[in-house]
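Input: a single structure, listed below in C-alpha cells.
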Amino acid sequence: MLTLIAATSTNNALGKDNQLVWHLPDDFKRFKALTSEHYIIMGRKTFESFPKPLPNRTHVIITRQKDYIAPEGCIVVSSIEEAIKVCPKNEEVFIIGGGEIYKQAIDRADKVELTRVHTTVEADTFFPEINPTHWNLIFEELHPKDEKHAFDFTFQTYLKK
C-alpha cells in the first residue's frame, strides 16, 4: 500500500524555504507512529531538511543528481517509479514529500494520511488537491489549539475509491 503523509494548511501549503511553517508536537508523534519500521520515500531536498536520517525507517531518496552520496542505510534512486520498485510489495510505504514528489505520487497512492492545519500561510511548496471524486474520507479527528499547538488541526485519512 502506498500512502502519502503530510501536514498542510487549509490552502494546501506544506512549507516555505524547505522548512515546515508550524510546530505541532502531536503531528510529529502521529508521523513517527505511522512511519516507524516502514520505508519512507522522499525527494532529496526533503531528506536534506532533516538533521540526520529518521530512526527506525528505511529512507528512499529521489534525486536527479547522478553522484549523490547518502548516509549508509539510505537508498538513492532517480524516479518515483524506481523508488516504489525498491520498496517491499506487501507492506505500507509512505511518501513524505516534498511537493513535487507528492504530485508525482498522488495518482499512484492508495491512501492519504493528512494533518489539516486550520490556518492559511504563505508558502512555496503545496500538497496536491484531494479530489473527492477519487478519495473517500474515512477518518477525521479534530485537535483544538493549546499551549503546545498554535493552531487547531484535524487528522484525516483518505482511501482511494
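All values below come from the heavy atoms of this structure, side chains included, with hydrogens, waters and symmetry mates left out. Values in this document were obtained by computation on a predicted structure and should not be read as measured data. Numbering of residues begins at 1 and proceeds along the displayed sequence.
- E122 is linked by a side-chain hydrogen bond (donor to acceptor under 3.5 Å, both in side chains) to K16, counting only residues two or more places apart in sequence or in another chain.
- D107 meets the side chain to side chain contact (heavy atoms under 4.5 Å, CB included) test with no other residue; sequence neighbours excluded.
- For K161, the NZ atom is densely surrounded, since the number of other residues' heavy atoms within 6.0 Å is greater than 12.
- Among residues two or more places apart in sequence or in another chain, the side-chain hydrogen bond (donor to acceptor under 3.5 Å, both in side chains) test is passed with E141 by H143.
- Partners of F28 under the ring-ring contact (aromatic ring centres under 6.0 Å, His included) rule, at least two apart in sequence or in another chain, are H23.
- Minimum interatomic distance between E37 and R57 (heavy atoms only, all atoms of both residues): N-CG, 4.4 Å.
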List the atom pairs, with distances to 0.1 Å, where a side-chain N or O of residues 83-93 and a protein N or O form a donor-acceptor pair under 3.5 Å, not counting sequence neighbours.
from, atom 1, to, atom 2, distance (Å)
K89, NZ, K85, O, 3.3
E92, OE2, T3, OG1, 2.6
E92, OE2, K111, NZ, 3.4

Which donor-acceptor pairs under 3.5 Å do the side chains of residues 151-158 make with protein atoms, sequence neighbours left out?
from, atom 1, to, atom 2, distance (Å)
D152, OD1, K145, N, 2.7
T154, OG1, H118, NE2, 2.6
Q156, OE1, Y158, OH, 3.4
Q156, NE2, E140, OE2, 2.9
T157, OG1, E113, OE1, 2.7

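- If you chain together hydrophobic residues whose side chains sit under 4.5 Å apart, Y39 and V112 fall into the same group.
- Side-chain contact check for D27 and T115: at least one donor-acceptor pair (N or O, by modelled atom type) lies under 3.5 Å.
- For the pair N56 (side chain) and S36 (backbone), a donor-acceptor distance under 3.5 Å is absent.
- Under the salt bridge (charged side-chain N to carboxylate O under 4.0 Å, His left out) criterion, E81 pairs with R108, not counting sequence neighbours.
- Between Y102 and P128, the shortest heavy-atom contact is CB-CD, 3.6 Å.
- Partners of T119 by side-chain hydrogen bond (donor to acceptor under 3.5 Å, both in side chains), not counting sequence neighbours: none found.
- Across K148 and P25, no two heavy atoms sit closer than the pair O-CD, 3.4 Å.
- Each of L114, V117, V121, T125 was compared with T8 under the side chain to side chain contact (heavy atoms under 4.5 Å, CB included) criterion, and only L114 meets it.
- Grouped with I5 in one hydrophobic cluster are F31, L34, I40, M42, F47, F50, L54, I61, Y68, V76, F94, I96, the linkage being side-chain heavy-atom contacts under 4.5 Å among Ile, Leu, Val, Met, Phe, Trp and Tyr residues.
- Under the rule for a salt bridge (charged side-chain N to carboxylate O under 4.0 Å, His left out), the partners of K29 that lie at least two apart in sequence or sit in another chain are D26.
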Sequence neighbours left out, cut at 3.5 Å: what donor-acceptor pairs do the side chains of residues 130-139 make with other protein atoms?
from, atom 1, to, atom 2, distance (Å)
N131, OD1, T133, N, 2.8
N131, OD1, T133, OG1, 2.6
N131, ND2, T133, OG1, 3.3

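- N11 pairs by the side-chain hydrogen bond (donor to acceptor under 3.5 Å, both in side chains) definition with S9, not counting sequence neighbours.
- I106 and F126 fall into different hydrophobic clusters, where Ile, Leu, Val, Met, Phe, Trp and Tyr are joined by side-chain heavy atoms under 4.5 Å apart, directly or via other members.
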